Every structure is written in structure tokens, then in C-alpha cells.
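For clarity, every value in this text was computed on a predicted model and none was experimentally measured. We number each residue from 1, following the sequence as shown.
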Amino acid sequence: MSNELHVTSLIVQVHPEKMAEVRQQIMAIKNAELSANNDVKLVVVLEGSSQRSLMDDISTINGIPGVLTATMVYHQSEDLEEGEV
């Protein structure tokens, strides 16, 4: 039996005055990682076991007060053999 690993990256545009709150809420998402940021943009990397789980996380990020847009710029999926993480 094989599992899937999905990885996607997003560019998230944020109201500058909300940046601290947005960063904190994104970091609270289990499979999210911040890889770069400036005053108005974040690069977020998400990992999950399905495309659906990533889409749910993207919807969560889009719903954070202060987020203007969360745009997927990269997506990769691969099959993992049993025991791989």
C-alpha cells in the first residue's frame, strides 16, 4: 500500500498592519511553514497527505483577517512506500 505526500507553496499578500497576527495564525497550522516574508508578503509551504487537505489549509489561510490573497505557485505530489514519511 502506498501513501501520497503533497507539497505546495503559496504567496500570501497581507495588510501590513495585520502581518504579525497573520504570521502567528499561519504558524499555528500543523503542516504550514513560513519560508520568507517581507512587510506585505509571505511565502508559505504546506505539506499534507492529500490535495484536499492542502486546499482546506489554503481556505483557512484565505479566511485569516488581514489576508488579501493566498495564491498557489507550486504543487508537487509523490507516492510514498509504506513506512516513508
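No side-chain heavy atom of Asn37 sits less than 4.5 Å from a side-chain heavy atom of Val43. Under the 4.5 Å side-chain criterion, counting only non-hydrogen atoms from C-beta, Leu42 is in contact with Met19.
Scored by the ring pair (Phe, Tyr, Trp, His ring centres under 6.0 Å) test, His75 finds His6 as partners (sequence neighbours excluded). Under the side-chain contact (heavy atoms from CB on, under 4.5 Å) criterion, Gln76 pairs with Tyr74, Glu78, sequence neighbours left out.
Taking all atoms of both residues into account, the shortest heavy-atom contact from Gly48 to Ser53 is CA-OG, 3.7 Å. Between Val40 and Pro16, the shortest heavy-atom distance links the atoms CG1-CG, 3.5 Å.
Atoms CG and CG, on Leu10 and Leu46 in that order, are 5.0 Å from each other to the nearest 0.5 Å. For the atom pair CG of Asp39 and NZ of Lys41, the computed distance is 11.0 Å after rounding to the nearest 0.5 Å. Separation of atoms NE2 (His15) and CG (Leu68) is listed at 4.0 Å; rounding is to 0.5 Å. Rounding to the nearest 0.5 Å places OG of Ser49 at 9.0 Å from CG of Leu5.
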With a 3.5 Å cut-off and sequence neighbours excluded, list the donor-acceptor pairs that the side chains of residues 54-64 form with protein atoms.
{"residue": "Asp56", "atom": "OD1", "partner": "Arg52", "partner atom": "NE", "Å": "3.2"}
{"residue": "Asp56", "atom": "OD1", "partner": "Arg52", "partner atom": "NH2", "Å": "3.0"}
{"residue": "Ser59", "atom": "OG", "partner": "Met55", "partner atom": "O", "Å": "3.2"}
{"residue": "Thr60", "atom": "OG1", "partner": "Asp56", "partner atom": "O", "Å": "3.0"}
{"residue": "Asn62", "atom": "OD1", "partner": "Ala70", "partner atom": "N", "Å": "3.2"}

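Gln13 and Thr69 form a side-chain donor-acceptor contact under 3.5 Å, judged by distance and modelled atom types alone.
A single hydrophobic cluster is seen to contain both Met27 and Val22, as judged by linkage of ILVMFWY side chains at heavy-atom distances under 4.5 Å, directly or through other members.
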Between Thr8 and Val45, does the side chain to side chain contact (heavy atoms under 4.5 Å, CB included) criterion hold? Intermediate values first, please. CA-CA 6 Å; Thr8 193; Val45 177; over 6 Å; no

